[in-house]
Amino acid sequence: MKSYRIATIPGDGIGKEVVPAGQEVLEALAAQTGRFTFEFENFVWGGDYYREHGVMMPADGLDAIRYKDAILFGSAGDPAIPDHITLWGLRLKICQGFDQYANVRPTRILPGIDGPLKRCGPADLDWVIVRENSEGEYSGVGGRAHQGHPIEVATDVSIMTRAGVERILRFAFRLAASRPRKRLTVITKSNAQRHAMVMWDEIALEISKEFPDVTWDKELVDAATARMVNRPATLDTIVATNLHADILSDLAAALAGSLGIAPTANLDPERRYPSMFEPIHGSAFDIMGMGLANPIGTFWSVVMMLEHLGEMDAARAVMAAIEHVTANPATHTGDLGGTATTRQVTDAVCAFLAAYSAQAPQVA
Ligand code: ATP
């Protein structure tokens, strides 16, 4: 029987609640299918580790997870530690260390979710945002001089390489080609940023020739925000730089009804290293430890993990369970206007999976 080695890294805040919930769903799935198992190893890295050791994860941490089949991540963020330390010390260390250059964020309005766009039906918003995840504005290149003096200077240099842009655009075109509408929007700011962003446009045109069946267009990032709100149905697959897609995907999550639902995958498409799956929300310290966190973002991340592992039937089963649970207001958590707990939502998903397997054994 196939056994998948999964590293779980709950991190901080509600990550410590939603990752165990995700593990529970995977265990329930494995028990039902009887076709595969999961071998979990948990890594307690993050803010607490930082307080004890002065670093968010050990120096040889990447080696401990290098040979896993996938990583399930919670969140990194701690009110007592500067954000750039929590981000660079853990999440980005893994993303960059394992060259997970494609960040993929599907967005849909799930059944039963009341999104803020009143003129838009659920079918009008079905996007996948592809974010360049290895360079660009978050390359980490830059520095500070004259610190504390009036002439202090600071730079963050955005690095765009031809190889980096080609690989993310090729990934996005391929993903667009695999979706029913075969439509890609390439987002830049090539009117104001006339070097790297113009190179993006040029490379997009070159790569598009490899995908004649994909219809594609270009949009400036500022115009893209208005288009997402006013004409969501004109978008399907979207590709943008590290910074632009970071912002657009939070907007997308809000338009889909809640930050608590949205998932993300940090992929190494060449599979040299493990890929990492996580909800897009942060550590949400305001509700931490109360059992109120919405675990759906993590469950949808689990769906993406199963797809990446090639377990398509199992992925469909978990997605069906998620949609069943969101359709019922009794299993809505506080972020969706309900009163359900993390425990209740997790139990509802596991119960659906048990019934689903019984009804449709070919799926399990
Ligand atoms: P960080 O600094 O780690 O990014 P944050 O607390 O500033 O985290 P988020 O966690 O992204 O920001 O979310 C903002 C707010 O949205 C939270 O304070 C919380 O109230 C709500 N929220 C986010 N995720 C969830 C969730 N899974 N379930 C319920 N509420 C959530």
Side-chain angles (χ1 to χ4, degrees), residues 8-25 45-51 56-57 72-95 103 105-107 110 112-116 129 131 138 242-243 245-264 266 276-304 322 325-326 329-349:
T8 50
I9 308 176
D12 304 315
I14 61 169
K16 293 177 186 167
E17 295 162 62
V18 293
V19 166
Q23 177 171 341
E24 216 175 294
V25 165
W45 300 336
D48 293 339
Y49 192 91
Y50 182 87
R51 267 179 282 278
M56 293 288 287
M57 65 185 277
L72 184 62
F73 189 84
S75 68
D78 189 303
I81 307 171
D83 283 344
H84 66 274
I85 291 179
T86 54
L87 182 65
W88 282 94
L90 183 56
R91 202 183 149 273
L92 286 185
K93 214 169 184 168
I94 297 171
C95 288
N103 181 270
R105 299 182 168 196
T107 308
L110 298 182
I113 303 298
D114 186 22
I129 299 181
R131 167 182 171 187
Y138 299 170
N242 214 331
L243 170 66
D246 188 10
I247 297 166
L248 293 179
S249 54
D250 260 34
L251 172 60
L255 295 178
S258 171
L259 217 54
I261 291 176
T264 187
N266 302 283
M276 180 160 74
F277 303 83
E278 56 175 334
I280 82 159
H281 62 74
S283 46
F285 266 76
D286 53 329
I287 54 164
M288 161 193 166
M290 297 176 179
L292 300 176
N294 188 348
I296 296 289
T298 303
F299 297 163
W300 197 344
S301 305
V302 158
V303 170
M304 298 185 83
I322 289 171
V325 163
T326 61
T331 40
H332 283 186
T333 43
D335 55 311
L336 299 174
T339 55
T341 61
T342 313
R343 176 79 269 148
Q344 286 168 328
V345 179
T346 308
D347 286 347
V349 164

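Atoms within each ligand, like the ligands themselves, are counted from 1 in listed order. Bear in mind the structure is a predicted one, so any value in this text is a computation, not a measurement.
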Got a second to check how far [X]'s [atom1] is from [Y]'s [atom2], nearest 0.5 Å?
X	Y	atom1	atom2	answer
H281	I14	NE2	CD1	4.0 Å
E278	N103	CD	CG	7.0 Å
L87	I85	CG	CD1	11.0 Å
D250	L259	CG	CG	5.5 Å

Tell me yes or no: between the side chains of T333 and N294, is some donor less than 3.5 Å from an acceptor?
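Present: a donor and an acceptor within the cut-off.
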Where is the nearest protein heavy atom to [atom]: which residue, which atom, and how far?
atom	value
atom 26 (C) of ligand 1	N294 N, 3.6 Å
atom 30 (N) of ligand 1	I287 CD1, 3.5 Å
atom 13 (O) of ligand 1	L259 CD2, 3.5 Å
atom 25 (C) of ligand 1	I14 CD1, 3.9 Å
atom 22 (N) of ligand 1	A284 CB, 4.2 Å

Kindly determine whether W45 and K93 satisfy side-chain contact (heavy atoms from CB on, under 4.5 Å), including the steps that lead there.
CA-CA 12 Å; W45 300 336; K93 214 169 184 168; over 6 Å; no
Considering the heavy atoms of [X], write down every atom of ligand 1 situated less than 4.0 Å from one of them.
X	result
A293	28 (N)
A76	3 (O)
H281	11 (O), 23 (C), 24 (N), 27 (N)
S283	1 (P), 3 (O), 8 (O), 10 (O)

Sub-4.0 Å protein heavy atom next to atom 7 (O) of ligand 1
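Neighbour list for atom 7 (O) of ligand 1 is empty of protein heavy atoms (cut-off 4.0 Å).
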For atom 17 (C) of ligand 1, is some protein heavy-atom partner under 4.0 Å away?
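Yes, at least one protein heavy atom sits under 4.0 Å from atom 17 (C) of ligand 1.
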Is the shortest heavy-atom distance from the side chain of D246 to the side chain of Y138 under 4.5 Å?
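Answer yes - side chains close enough.
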Between D83 and ligand 1, does any nitrogen or oxygen pair lie at a separation below 3.5 Å?
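Min N/O separation from ligand 1 is not below 3.5 Å for D83.
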Polar proximity ligand 1 side, G77 side, N/O cut 3.5 Å exclusive
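No - when backbone and side-chain N and O of G77 are compared with those of ligand 1, no distance drops under 3.5 Å.
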In sequence, state the C-alpha distance, the side-chain angles, and the governing distance for F299 and V325, and then conclude on side-chain contact (heavy atoms from CB on, under 4.5 Å).
CA-CA 11 Å; F299 297 163; V325 163; over 6 Å; no
side-chain contact (heavy atoms from CB on, under 4.5 Å) between F73 and L90: does it pass, once the steps are laid out?
CA-CA 10 Å; F73 189 84; L90 183 56; 3.9 Å; yes
Among L87, D286, T86, which one puts a heavy atom closest to atom 19 (C) of ligand 1?
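The nearest heavy atom belongs to D286.
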Heavy-atom nearest option to atom 12 (O) of ligand 1, drawn from G260, G74, G282
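Checking each option, the heavy atom nearest atom 12 (O) of ligand 1 is found in G282.
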With side-chain contact (heavy atoms from CB on, under 4.5 Å) as the criterion, how do L292 and E17 come out once you've worked through the C-alpha distance, each side chain's angles and the decisive distance to 0.1 Å?
CA-CA 9 Å; L292 300 176; E17 295 162 62; over 6 Å; no
